[in-house]
Amino acid sequence: MRVSLPAKLNTGLAWVLLVLLIAPALVAIPVSLTPKTYLSFPTDEISFQYYHELFSSPEWLSSFWQSTVIGAVSALLATAIGTLCAIGLWRVSSPAAEVVRSVLLLPLVVPPIIAAMAFSRLFVPLGLIDSYTGLILAHTVLSAPLVLITVSASLAGFDARLEQASRNLGASNWVTMWRVIVPGIRPGIWAGAVFAFISSWDEIVVTLFISKFSVYTLPRRMWNGIRENTDPTVAAAAVVLMAITLLAFAIWAVAARRARPAK
Amino acid sequence: MRLPIKSGWLLVLPFLLLVGGLFLGPILNVLWISVTDPTPGLDNYAQLGSSDTLRRILWTTLRVCAICTAFSVILGYSIAYAMVHATGPAQSRMLGLLLISFWISVLVRTFSWLMLLGRNGVVNSTLDALGIISAPIPFMRNELGVLIGMVHYMVPYAVLPIFAAMQSIDGRVVQASRSLGGSGAQTFWRIYLPLTKPGVVAASLVVFIINLGFYVIPAVLGGGKVLMVAEYISVQVLITLQWGTAAMLAAILLFGVLALMFIMSRFMKLSTVFGGART
């Protein structure tokens with residue numbers, strides 16, 4: 001089919017827009033290489049001193065570590081709970097199940113600032129403010145719906161007759177779930193887990209409300225750096241954060257491609 | 001045969017308990033605070049009538065959200081249209097760029113905009129070097145900067161629902177219009193655009209909803225000059241400790257978001273809207 005001129009122009013515009021969606025973030029790279037002591041662009045020479053600073057400062061290192069632990073534990077919990085729930089709703093598949101599903105997706109929909117107030121109010125009397133447990137619980141609640149969505153999409157492409165066959169052959173519920181269903185939707189589970197990890201790894205609004213001094217995640221430290229707007233180390237942190245996110249994206253993309261139901 | 005109902009619900013239970021106990025319960029508590037703190041009654045809500053500050057904040061929020069939604073949906077429509085008409089490999093590449101931009105942290109983007117839009121930022125120094133401007137354009141600490149940052153963040157959210165709607169259009173309808181003598185422009189405005197309406201409505205709603213509660217970009221790029229609801233709530237909670245006012249605003253925000261979400265659910269499934277996305 002012949003492509004009209006307006007459509008061609010639009011395609012050109014769309015490519016420009018897509019590049020512009022990503023390009024601005026790349027500005028952190030030159031800033032991170034500045035040899036000067038303030039946020040600026042390198043002019044004559046480049047320096048890796050702020051990467052050195054990032055990876056030798058106890059504060060930044062401890063933030064990396066804390067974010068990694070909180071991200072990994074909450075992703076693990078969210079993946080377990082979200083996957084079980086997706087399988088359960090898939091088995092029930094009734095109008096009631098769809099109502100429950102919408103309720104469980106609420107943490108994605110409610111503005112983070114409201115979730116932050118709710119968690120903060122809940123955690124103060126429980127003594128969970130500024131603790132690993134508090135942040136892990138909060139991040140698990142916020143990321144489990146992402147796992148639910150991803151795994152449910154995988155289940156939509158899973159042949160329910162395999163489950164019947166397994167049960168007809170005498171397998172118990174438990175065996176059917178672990179040996180038949182879970183292997184069949186494994187890429188979806190992985191995609192959900194990566195998604196959950198990154199959503200915790202990046203989370204800032206709730207974290208601002210429920211952490212103070214002892215738990216100081218990477219986004220929290222970056223937030224401070226951005227507010228102070230002087231130390232170029234924050235640019236180096238932004239580059240590292242971006243690199244890790246892109247790595248996670250690559251893993252997610254591979255898993256999501258495998259998870260897509262065959263057409 | 002499906003398994004007995006019970007075993008299905010048993011698997012749902014952990015998630016349900018988690019969301020009920022750690023999320024819905026505490027949110028109800030926030031709603032409760034809005035009518036009990038500092039004194040029982042509707043005093044907090046009465047402030048809406050008496051306080052110019054609150055009215056200004058709500059108005060700023062609605063205005064910024066509406067402008068941002070309009071721009072995001074128009075730009076998103078253009079991208080979705082190009083994507084749906086692209087060949088396989090080009091479409092994959094476009095989708096790849098779109099999803100990567102989804103995954104770049106809002107903090108990284110905000111930081112980059114600070115570097116780009118500041119008085120001596122890249123944009124101003126480039127324009128200056130080219131001789132286009134004589135004095136730096138103030139991009140930051142005003143609505144312009146907030147809008148640039150927010151539209152940039154929201155465009156991918158607008159693309160996905162529109163893209164889904166376009167994919168479900170039967171191409172023969174467009175061909176029929178052309179073969180019956182409709183011009184390209186007529187076919188687009190009278191056939192194609194109306195067919196994509198559910199996607200456009202869903203995209204507008206999802207962008208508007210996320211914008212309403214947006215905190216990071218307005219707080220940093222607005223520099224305290226563009227005060228929107230989320231930032232005001234955080235000031236009330238973290239600095240002035242006025243939980244009552246904050247809870248009242250949270251309640252209004254929550255009901256607004258839920259009402260819009262309900263309308264949206266009539267146009268498109270939630271999981272389609274948030275499919276490859278994250279908040």
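Numbers restart at 1 for each chain; the letters A, B, ... are given by sequence-line order, proteins then strands.
Annotation: Phe71(B), atom CZ; neighbour count of heavy atoms from other residues, nucleotides and ligands within 6.0 Å does not exceed 12.
Side chain of His152(B) to main chain of Leu20(A): a donor-acceptor pair is present (N/O by atom type, distance under 3.5 Å, no hydrogens or angles).
Using a 4.5 Å heavy-atom cutoff, the side chains of Leu107(B) and Arg220(A) are not in contact. Residues Leu39(A) and Phe111(B) are in side-chain contact: their nearest non-hydrogen atoms beyond the backbone lie under 4.5 Å apart. His85(B) is not listed as a side-chain neighbour of Asn10(A), based on a closest heavy-atom distance of 4.5 Å or more. With a 4.5 Å cut-off on side-chain heavy atoms, Leu24(B) and Val103(A) count as touching. Two residues are said to be in side-chain contact when any heavy atoms from C-beta on lie closer than 4.5 Å; Val155(B) and Leu17(A) fail this criterion.
For the atom pair CD1 (Ile79(B)) and OG1 (Thr11(A)), the distance works out to 11.5 Å, reported to the nearest 0.5 Å. Note that CD1 of Ile210(B) and CG of Leu108(A) are 9.5 Å apart. Values are rounded to the nearest 0.5 Å.
A tilted orientation is assigned to the rings of Trp252(A) and Trp103(B), their planes being inclined by 30° to 60°.
Scored by the ring pair (Phe, Tyr, Trp, His ring centres under 6.0 Å) test, Phe123(A) finds Phe119(A) as partners (sequence neighbours excluded). Taking Ser92(B) as the reference, nothing meets the side chain to side chain contact (heavy atoms under 4.5 Å, CB included) condition, with sequence neighbours excluded. Under the ring pair (Phe, Tyr, Trp, His ring centres under 6.0 Å) criterion, Tyr77(B) pairs with no residue, sequence neighbours left out.
Contact residues of residues 231-240 of chain A toward chain B are Val234(A), Ala235(A), Ala238(A) (heavy-atom distance under 4.5 Å).
Of all the listed residues (Asn29(B), Val122(B), Val216(B)), the one sharing the greatest number of non-hydrogen pairs under 4.5 Å with chain A is Val216(B).
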